[in-house]
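Scope of the values below: all heavy atoms of this structure, side chains included, with no hydrogens, waters or symmetry mates.
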Amino acid sequence: MTDEKLDQILKQALAPEISDTEIQIHRRRKDKMKIFGKLGRGVAAAVAAVVIGTLGMGYVNPALAAKLPLIGNIFEKVEEDAIYSGDYTDKKIVLTNEDHAGNLNTSDYTVSDQGITLTASEVYCDGYSIFLTVNIESEDADFTHIPRHYTGMNAADNRTAAGFYIDGTWSVNGTSPEWIENTFDGEVIDSNTFAGMLKIDLAKKYTGSGELNFNVTGLGYDDDRMLDAEEITASHWTDGSWNIIIPFEVNATDVKTIEVGETEGNITLEDVVVSPYQVIVHAVTPGEQRELTDDRREELLSKDPDMTDAEMFELLGWSYEPCYTICFDQNMERLYPDTEMAGRAGFAVQGKEIKTLYVFIFDNFDDWTQMEQEGMNSSVADRAVISKEIHVE
């Protein structure tokens, strides 16, 4: 996609008050984020989700924040404005232990390096993704200048969160390491403290319990005082080592799988998963049915850590046929799109009660973009390879 095309999509997708300067800044910024290299599809929607805003930060007074328990309650702190918003109160597992005096002991989930302390706070797993909260502290930092980005469908939703970059790998139960692709969505508590949440997508469905090996090798954040600079991405970046082993247990409560098994053209819509915080559409094309083994993927990533699935397929001489997915609920409201990768498209529920889903799958990115802009009654709706009404209840 050309830069001009991306600028056009951004201007149409966002509120008029987003300036050309901010769009140009983020176009440079996106090149540094691994998530865009992995997405391939739906990139414009993801870009729209993280455009730097110039809204007020709304920081919590440090004196007041000190009176509120933070560790063990980060979901409650960030769950309204994070992309994967919702009430986590009855779903989360708190990663703390009480000592004999009744004090919370976080030593098993806290690690420090390079003057930065990372504490894992809570975890939730629906079997398809792990949702993790963390607390980041640095005595020498000034987090109050971290810009906020949009987390709603558009700027008019007035939903924003601060973002924190991370680099490193993760693995579950000893599997081959995967690159951390997302950033933390969260809140700046004070100049030295950031609280945020992260979603990690699992390669396969999990049941029961497991362990997440969370290995962070770099942390960084933008600075709103540098918006006019040529390069602002992670202007405050620190390399180091923060490794935490996090136990989790799958909570399948309110997780529904609707089998579909419909094939049209070269696309098969296998099923749709609706969990309390996300919708996952599993659809494959002939090219995607050739799965990369963990060993082969690790071998290719050792040569180029930023290689996408599409690039791996090309290198191996395999066909790779992407599809582009968009979802609406029973009120014809579009669901917030996040990552779309081979065989899987993810959407944030954002507090909606999902009774009916309308799923449209395209094999043409321009048609997908037009429907994203025009809504469910778009003139390109009949160009979808698959259009399906799915009753969730």
Side-chain angles (χ1 to χ4, degrees), residues 1 30-31 33-50 83-84 125-131 166-172 175-183 198-206 257 260 266-275 277-294 296-298 300-301 304-316 318-327 335-349 359-365 368-369 372 385-386:
M1 184 190 309
K30 79 178 180 68
D31 293 334
M33 297 180 66
K34 288 189 177 68
I35 185 172
F36 295 114
K38 301 292 183 182
L39 290 182
R41 297 163 278 164
V43 64
V47 171
V50 291
I83 291 175
Y84 283 87
C125 180
D126 60 4
Y128 297 88
S129 302
I130 295 174
F131 300 77
I166 47 176
D167 200 2
T169 60
W170 63 270
S171 63
V172 171
T175 59
S176 298
E178 301 276 353
W179 291 103
I180 299 172
E181 297 176 2
N182 293 352
T183 59
L198 170 76
K199 181 173 76 77
I200 295 174
D201 292 328
L202 300 170
K204 62 180 181 179
K205 180 182 178 180
Y206 272 81
T257 300
V260 181
N266 65 345
I267 298 175
T268 298
L269 174 56
E270 295 183 330
D271 61 55
V272 174
V273 177
V274 180
S275 88
Y277 314 108
Q278 67 176 337
V279 168
I280 302 171
V281 177
H282 290 122
V284 297
T285 68
E288 292 170 347
Q289 291 172 6
R290 302 189 67 172
E291 295 184 0
L292 288 165
T293 64
D294 288 342
R296 179 64 67 86
R297 186 185 298 275
E298 185 175 357
L300 294 173
L301 288 175
D304 181 1
D306 294 326
M307 188 178 296
T308 65
D309 283 354
E311 291 169 337
M312 292 181 191
F313 272 61
E314 182 179 357
L315 183 63
L316 294 169
W318 296 356
S319 63
Y320 185 88
E321 304 176 35
C323 54
Y324 312 91
T325 308
I326 191 167
C327 286
L335 300 189
Y336 185 102
D338 191 11
T339 57
E340 181 160 9
M341 60 189 72
R344 169 175 172 154
F347 303 85
V349 170
V359 179
F360 296 84
I361 304 178
F362 296 90
D363 59 4
N364 182 284
F365 179 72
W368 178 92
T369 300
E372 181 200 30
V385 178
I386 291 180

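The only member of V284, D201, T325, V273 that meets side-chain contact (heavy atoms from CB on, under 4.5 Å) when paired with R344 is D201.
Contact between K199 and F131 at its shortest, heavy atoms only, is CD-CE2, 3.4 Å.
The distance from atom CZ of F347 to atom CD1 of I280, rounded to the nearest 0.5 Å, is 10.5 Å. Between the CD1 atom in I130 and the CG atom in L198 there is a gap of 9.5 Å [rounded to 0.5 Å]. Separation of atoms CH2 (W170) and CD1 (I180) is listed at 9.5 Å; rounding is to 0.5 Å.
In this structure Y277 satisfies the side chain to side chain donor-acceptor pair (under 3.5 Å) test with no other residue, sequence neighbours excluded. By the side-chain contact (heavy atoms from CB on, under 4.5 Å) test, V349 pairs with V279, K352, I354, sequence neighbours left out. Residues satisfying the side-chain contact (heavy atoms from CB on, under 4.5 Å) criterion with D304, sequence neighbours excluded, are D306, M307. Take N364 and apply the side chain to side chain donor-acceptor pair (under 3.5 Å) test, not counting sequence neighbours, and it matches no residue. Shown here are the side-chain contact (heavy atoms from CB on, under 4.5 Å) partners of V385, two or more places apart in sequence or in another chain: E264, I267, D363. Every side-chain contact (heavy atoms from CB on, under 4.5 Å) that T169 has, sequence neighbours left out, goes to P177, W179, N215.
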Step by step, would you call I361 with L269 a side-chain contact (heavy atoms from CB on, under 4.5 Å)?
-> CA-CA 9 Å; I361 304 178; L269 174 56; 4.1 Å; yes
Trace of the side-chain hydrogen bond (donor to acceptor under 3.5 Å, both in side chains) decision for S171 with E178 = CA-CA 6 Å; S171 63; E178 301 276 353; over 6 Å; no
Given side-chain contact (heavy atoms from CB on, under 4.5 Å), test W368 with I326 step by step and report yes or no.
-> CA-CA 7 Å; W368 178 92; I326 191 167; 3.9 Å; yes
Mind running side-chain contact (heavy atoms from CB on, under 4.5 Å) on K204 and Y128 for me, showing each step along the way?
-> CA-CA 7 Å; K204 62 180 181 179; Y128 297 88; over 6 Å; no
